[in-house]
Amino acid sequence: MDIPRIFTITESAHRIHNPITPQKLATLGAALRLEPGARVLDLGSGSGEMLCTWARDYGITGTGIDLSQLFTEQAKLRAEELGVANQVKFIHGDAAGYVSDEQVSVAACVGATWIGGGFAGTIDLLRRSLCAGGILLIGEPYWRRLPPTEEAARRCLAHSISDFLLLPELLASFGQLGCDVVEMVLADQDDWDRYEAAKWLTMRRWLDANPDDEFASEIRATLTSEPERYAASTREYLGWGVFALMPR
Ligand code: SAH
């Protein structure tokens with residue numbers, strides 16, 4: 001049980017597997033006015049940076065579930081490194097359908113909403129773990145600008161234009177799902193670079209170290225084409241943000 005290997009190659013050096021910087025993760029934690037001891041659930045917790053730094057900086061406790069064995073191991077090491085291993089727990093597994101035993105004050109899915117079949121289903125899933133007055137966090141892409149054609153959307157690695165909404169539409173749809181939007185922290189293009197451009201050096205170093213690996217030709221092709229594709233497409237058209245929601 002694991003995620004496709006391409007991700008653990010290209011993102012092996014990432015602490016955050018999304019276009020959000022450490023500074024903005026801290027901004028988000030501060031914006032949520034987290035209380036020491038608050039319980040946080042994180043579905044698709046990746047390498048655990050959100051839970052570990054919030055445990056260190058804001059005194060939260062938390063549980064993260066992630067399908068990647070490598071990222072879950074990295075999360076546990078990060079918790080040790082930051083001295084918060086007694087506050088956070090990381091579970092390797094499928095988060096689809098996961099509901100926590102004890103209700104939490106923050107239930108998050110940041111950049112992995114396919115876990116609930118899209119953000120609407122993920123909101124439903126997270127709500128089942130949330131205490132009264134708690135906050136849901138959804139990390140999700142949106143269109144900064146609408147791609148002019150379906151082909152342009154595919155160049156952003158979307159299946160179609162209808163995969164994502166414009167920001168005002170996304171915010172409105174949270175309302176239609178019965179939630180107040182109570183905060184948001186958005187990525188800018190420089191933050192996208194920290195996520196996407198950081199993969200290129202990782203790929204280059206991996207290629208140098210693994211020239212005979214069965215993935216080498218795929219990684220070579222990706223590294224060759226990716227900077228131009230990214231600059232022309234994802235960087236121009238795709239936005240990304242973490243949205244804090246409270247059920248009405
Ligand atoms: N929230 C983290 C990781 C986002 S990347 C961060 O911001 O850094 C998406 C993550 O979802 C990856 O770590 C991937 O391993 C995980 N994932 C994918 N499918 C999953 C599933 N079904 N259950 C749990 N985690 C999953």
Side-chain angles (χ1 to χ4, degrees), residues 16-21 23-46 48-51 53-55 57-66 88 95-144 158 162-188 191-192 195 238-248:
I16 301 173
H17 306 270
N18 269 311
I20 188 167
T21 59
Q23 295 77 11
K24 285 191 182 176
L25 263 190
T27 298
L28 176 64
L32 298 179
R33 306 171 205 167
L34 298 165
E35 303 275 350
R39 268 199 302 275
V40 181
L41 173 69
D42 190 10
L43 304 187
S45 43
E49 193 67 4
M50 185 175 84
L51 287 180
T53 55
W54 287 3
D57 299 340
Y58 308 117
I60 60 107
T61 64
T63 301
I65 297 107
D66 198 281
V88 292
Y98 185 92
V99 177
S100 62
D101 297 337
E102 282 184 300
Q103 293 197 317
V104 298
S105 13
V106 177
C109 181
V110 177
T113 54
W114 56 84
I115 286 172
F119 66 81
T122 299
I123 288 173
D124 283 345
L125 173 61
L126 292 173
R127 282 180 72 158
R128 293 163 60 195
S129 297
L130 196 67
C131 68
I135 292 180
L136 303 168
L137 290 182
I138 294 285
E140 187 74 0
Y142 57 88
W143 295 121
R144 286 178 68 223
S162 64
D163 279 10
F164 305 121
L165 301 170
L166 291 163
L167 179 59
E169 296 170 352
L170 180 58
L171 295 172
S173 70
F174 292 136
Q176 284 151 16
L177 293 166
C179 292
D180 289 322
V181 181
V182 296
E183 257 293 358
M184 67 180 185
V185 174
L186 304 181
D188 63 21
D191 304 336
W192 269 105
Y195 175 52
L238 258 194
W240 193 87
V242 183
F243 304 93
L245 314 173
M246 292 177 72
R248 286 184 188 133

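In what follows, residues are counted from 1 in the order of the sequence shown.
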Contact list for [range], test salt bridge (charged side-chain N to carboxylate O under 4.0 Å, His left out), sequence neighbours left out:
range	result
residues 112-128	none
residues 239-248	D180-R248
residues 105-114	none

Contact summary for [X] and [Y], nearest pair of heavy atoms:
X	Y	value
L170	S173	O-OG, 2.8 Å
L125	L43	CD2-CD1, 3.7 Å
A108	M50	CB-CE, 3.8 Å
L245	C179	CB-CB, 3.9 Å
G44	D66	C-OD2, 3.3 Å
L34	V106	CD2-CG2, 3.8 Å

Spacing of [X] atom [atom1] and [Y] atom [atom2] [to the nearest 0.5 Å]:
X	Y	atom1	atom2	result
S105	E35	OG	CD	8.5 Å
D191	K24	CG	NZ	3.5 Å
E102	L41	CD	CG	11.5 Å
Y98	I115	OH	CD1	12.5 Å
I138	I123	CD1	CD1	4.5 Å
D42	I65	CG	CD1	8.0 Å

Between [X] and [Y] (side chain of the first, backbone of the second, donor and acceptor by atom type, cut-off under 3.5 Å), is there such a pair?
X	Y	value
S129	S100	yes
W192	L238	yes
W143	F164	yes
Y195	I16	no

Side chain to side chain contact (heavy atoms under 4.5 Å, CB included) between F119 and L126, worked out: CA-CA 10 Å; F119 66 81; L126 292 173; over 6 Å; no
Answer whether the closest heavy-atom distance between the side chains of L186 and Y142 falls below 4.5 Å.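 They are in contact (side-chain heavy atoms under 4.5 Å apart), so the answer is yes.
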Answer yes or no: is there a side-chain heavy-atom contact under 4.5 Å between L32 and Y58?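 SC-SC contact between L32 and Y58 ruled out.
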What verdict does the side chain to side chain contact (heavy atoms under 4.5 Å, CB included) test give for W54 and L28, after you've listed the backbone C-alpha separation in whole Å, the side-chain angles of each residue and the deciding distance to 0.1 Å? CA-CA 10 Å; W54 287 3; L28 176 64; 3.8 Å; yes
Ring geometry between F243 and F174 (parallel below 30°, tilted from 30 to 60°, perpendicular above 60°):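 Tilted, since the angle between the ring planes falls between 30° and 60°.
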